[in-house]
Amino acid sequence: MAGLRIVAAIGLTLAVLALLGTDVTHMVAGAMAAMVSTFAIREKNLRGQAITLAWGFPVALAAVTLGALLHSKVIAGDLFFIALIFGAVYFRRFGDRGTALGLMGFQVYFVSLFVNATPDQLPVLAGTLAVAFGCSAVARFALVPETPQRVLGRLRGAFRARLAQLVTAQTRLLDAAPEDLDDVLDDLRHHTSRLHETALMIQGRLEDGAGDAATASLIQRRIADAEISAERLGMLLLNARSAERADTLTLHLPHAPAPAAGKLLFRDDEDESTATLRRDLGALHLMVSRPADANRGTAVAQIRNRLLGYRDEERMPPGATLAVQDVFRGIGEAARAVMGLRIALDGPQDESDDSPSTTRSREELEAEDMSITGTVALTDAEKEADEDEDDRGGLDRPTTRAAFQVAVGSALAIVGGEFLSSQRWYWAVLTCWVVFLNTASTGEIVIKGYRRVLGTVLGVLAGVLLAGAVGNHTWLAFVLVLLCVFAAFFTAPLSYALMSFFVTAMLGLLYTLLNTYSLDVLVLRIEETALGAACGIIAAMLVLPVRTDRRTDELLATVLERLGDVVAGAVEQLSGGPAADLLDRARDLDTALDDLRASTKPLTHAIAPQRERRQTVRYLVALLETSAYHARSLAATAELVPYSKHVAADPRLGRAARRIAHNIDVLVAQVNDEDTTGTVESGASIAAMLETDGLGVPAANTVTFRVLRHLQRLDEGISGLARPLDVPVGPRT
């Protein structure tokens, strides 16, 4: 949608400027101004977008005016450019609007350098900017509007599609031959991860898109239920397909070998339970993928009733093993989650053909809904805490540090760029600026600089081919520019190297339009890009550096703390304690884990020199993802306690979780260098501890047993973190 909006703004700008008889140079300036005035704005509500766009025009006008006036004053122009760069980065501290206005100021000043703006051109440039900003407004608010409600609606559709894809991948796991199991398992990991990403995207849009806090909380709960039940179903299937119980880590560790295949993987030797399982996975896929208005009729109701019946142990296939019975229960839980999601998103459903199991599930959902809508998900105090989360001042503030770094790097880029070319030195500055965008550590800047150079080299080759194909066909060149712009923004979330490739290919076309194209110019583009990346990396390493290790340690401590919060709250509620907002805690954990995963990419990238370290980091993140999965499952189960007939509080569970809480505290103290003398406790299993205390072990088909299994996996996962973090492991005290 961002790509379409930007292309619409540029296309409309070019059309208006052509009707006004504008020359090609100013059409290029208008196209670039339309692009930046569109992509720079990231606010979610329309009013905020309109205010930022209105403020952006005078900022852009001031930038192009100063660029033209300082055109012949080299030293003054360079000093102002550095000051502008510093301010543009520093103003990110003021949120989306500060970031957008700083970006507009920098990019429009860059446009003035690109088209060699002079004072006598200012009236035409001012008119061009007015047209560009006006067309950007038309594209944003009329042609390709973006409201929080529309975005949330698209994300809901995407979540349903991702959920259906995951169920399809789980069905393939059922039928995979032993030699194909590794590939099928990788596909299952991929779709599980994509579903989780979509759930996080919805979480980020709920506050603005849902209309009110109660509705947002309700949708958040139902999305979480669907995600957790789908992930659990995949784990249960993997366990049932294995010759022996599979470790949850297998589902989260990339390229981990699949466990040994069990009997049910061979279709020619399947029993009745396997055939029924295949049929019911198909039925679950049908429930997920059909839109709400088509999800009516007796046949659909019968499918829903049959799947929900597995929650009450109804119609279990005869002869099914305990592991396969768990899968059927997982299908029932997934069906309940899908029904709850339908009700939350699309309103009440037809109840005329409900079975007793379906009626009970509806009653549970209604009781939960009443509780959720009766409370506000986030109190005012918590909101203030979120807004003031980063209260660091001075040079410790990330925006201040980045501003000094990019200013120093840009100064180096200006000096070095002038040696390469007195006309196009600004390409080095642009690269230095870009490598600091959305990065927080030296390692991230190194990786981004490498990708920028790689994409630029490949883009130059494409630019040579496109320039030769276009020749003197001006409008063909503009059409190809629009295609490159769309491709750049479409691929930006997927690959920074691909985005750089399309941007560089577009620049080759722009040079053709300006009659300044030559192979030497494109080679210079590579040289300036490499120089800018090098200057950015040098500045990041020497000026207030943030080492990747330090960054990841801070985020790791945050993940562990939030993991401890979720587990403590869930166990307290499962033990009979007061209700707490566990879903928000679980989402905070997910967000922190997502940040950690992004920060470790420099350590796991192919160019990272230490292979053993790459493997250790991947293992550590996989352990945390596994622990987060079990914590989310505990939280989801705990929130059922007040309403469900299947889940009851059990005071024994508080005793079982003490070792987990202790070990998390030890790991956090070790990571923060607060106390390096602590020892991670190990010993008997959680269930064995209860048995030793004379409390007995619950039956395998009870919810308490499932909770104990999640606690056991958490205990193993937390203890497993001790080795990569170099924390000593001792006997249970």
Side-chain angles (χ1 to χ4, degrees), residues 157 159-176 184 187-188 191-192 195 222-223 225-241 264-265 267 270-321 323-346 349-362 364-365 646:
F159 184 84
R160 188 178 69 226
R162 290 293 189 195
L163 186 56
Q165 291 172 353
L166 179 56
V167 175
T168 300
Q170 292 168 347
T171 306
R172 286 199 296 269
L173 177 65
L174 183 71
D175 292 323
V184 172
D187 190 49
L188 184 65
H191 287 296
T192 302
L195 182 69
R222 296 300 167 227
I223 290 288
D225 280 348
E227 180 196 353
I228 291 168
S229 64
E231 188 173 3
R232 180 171 179 268
L233 178 57
M235 189 61 235
L236 293 173
L237 269 167
L238 180 63
N239 184 61
R241 297 308 70 147
L264 292 179
L265 281 168
R267 189 161 185 167
E270 69 180 23
D271 54 20
E272 179 184 349
S273 62
T274 308
T276 304
L277 193 54
R278 183 179 298 104
R279 179 200 66 184
D280 288 339
L281 284 171
L284 179 62
H285 183 276
L286 181 67
M287 279 189 65
V288 171
S289 58
R290 285 173 67 94
D293 55 2
N295 204 24
R296 293 183 174 88
T298 304
V300 175
Q302 288 177 350
I303 289 173
R304 180 192 62 213
N305 294 340
R306 184 177 75 245
L307 299 187
L308 288 172
Y310 293 133
R311 299 185 66 233
D312 294 332
E313 311 290 335
E314 294 178 0
R315 300 178 183 175
M316 281 287 183
T321 64
V324 174
Q325 289 180 27
D326 278 343
V327 178
F328 280 106
R329 295 188 194 97
I331 291 177
E333 295 293 342
R336 177 191 184 274
V338 171
M339 186 174 72
L341 187 59
R342 294 275 191 194
I343 295 172
L345 297 178
D346 303 311
Q349 308 290 300
D350 183 14
E351 303 179 18
S352 58
D353 296 310
D354 281 2
S355 67
S357 295
T358 303
T359 300
R360 283 192 290 272
S361 294
R362 286 193 192 277
E364 291 176 5
L365 291 169
H646 300 271

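Note that the structure is predicted; figures quoted are calculated from it, not measured.
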With rounding to the nearest 0.5 angstrom, report the [atom1] to [atom2] distance, [X] to [Y].
{"X": "R360", "Y": "S355", "atom1": "CZ", "atom2": "OG", "value": "7.5 Å"}
{"X": "E227", "Y": "I223", "atom1": "CD", "atom2": "CD1", "value": "9.0 Å"}
{"X": "L238", "Y": "L174", "atom1": "CG", "atom2": "CG", "value": "12.0 Å"}
{"X": "L195", "Y": "I228", "atom1": "CG", "atom2": "CD1", "value": "11.0 Å"}
{"X": "M235", "Y": "L188", "atom1": "CE", "atom2": "CG", "value": "9.5 Å"}
{"X": "R362", "Y": "S357", "atom1": "CZ", "atom2": "OG", "value": "12.5 Å"}

Does any part of the side chain of [Y], heavy atoms only, come nearer than 4.5 Å to the side chain of [X], both counted from C-beta?
{"X": "N239", "Y": "D326", "answer": "no"}
{"X": "L284", "Y": "L233", "answer": "yes"}
{"X": "H285", "Y": "L281", "answer": "no"}
{"X": "L173", "Y": "R241", "answer": "yes"}
{"X": "L236", "Y": "I331", "answer": "no"}
{"X": "D175", "Y": "V184", "answer": "no"}
{"X": "L163", "Y": "V338", "answer": "yes"}
{"X": "R304", "Y": "D354", "answer": "yes"}

Which heavy-atom pair separates [X] from [Y] by the least distance, and what is that distance?
{"X": "L308", "Y": "G332", "answer": "CD2-O, 3.8 Å"}
{"X": "A283", "Y": "R306", "answer": "CB-NH2, 3.6 Å"}
{"X": "F328", "Y": "S273", "answer": "CZ-O, 3.6 Å"}

**OP:** Please report the C-alpha distance between M287 and R342 in whole Å, then the side-chain angles of each, then the deciding distance to 0.1 Å, and finally whether the side chain to side chain contact (heavy atoms under 4.5 Å, CB included) criterion is met.
**Re:** CA-CA 10 Å; M287 279 189 65; R342 294 275 191 194; 5.8 Å; no

Subject >> side chain to side chain contact (heavy atoms under 4.5 Å, CB included) evaluation trace for D225 with R222 >> reply: CA-CA 5 Å; D225 280 348; R222 296 300 167 227; 2.9 Å; yes

Original post:
Between Q170 (side chain) and A230 (backbone), is there a donor-acceptor pair under 3.5 Å?
Top reply: yes

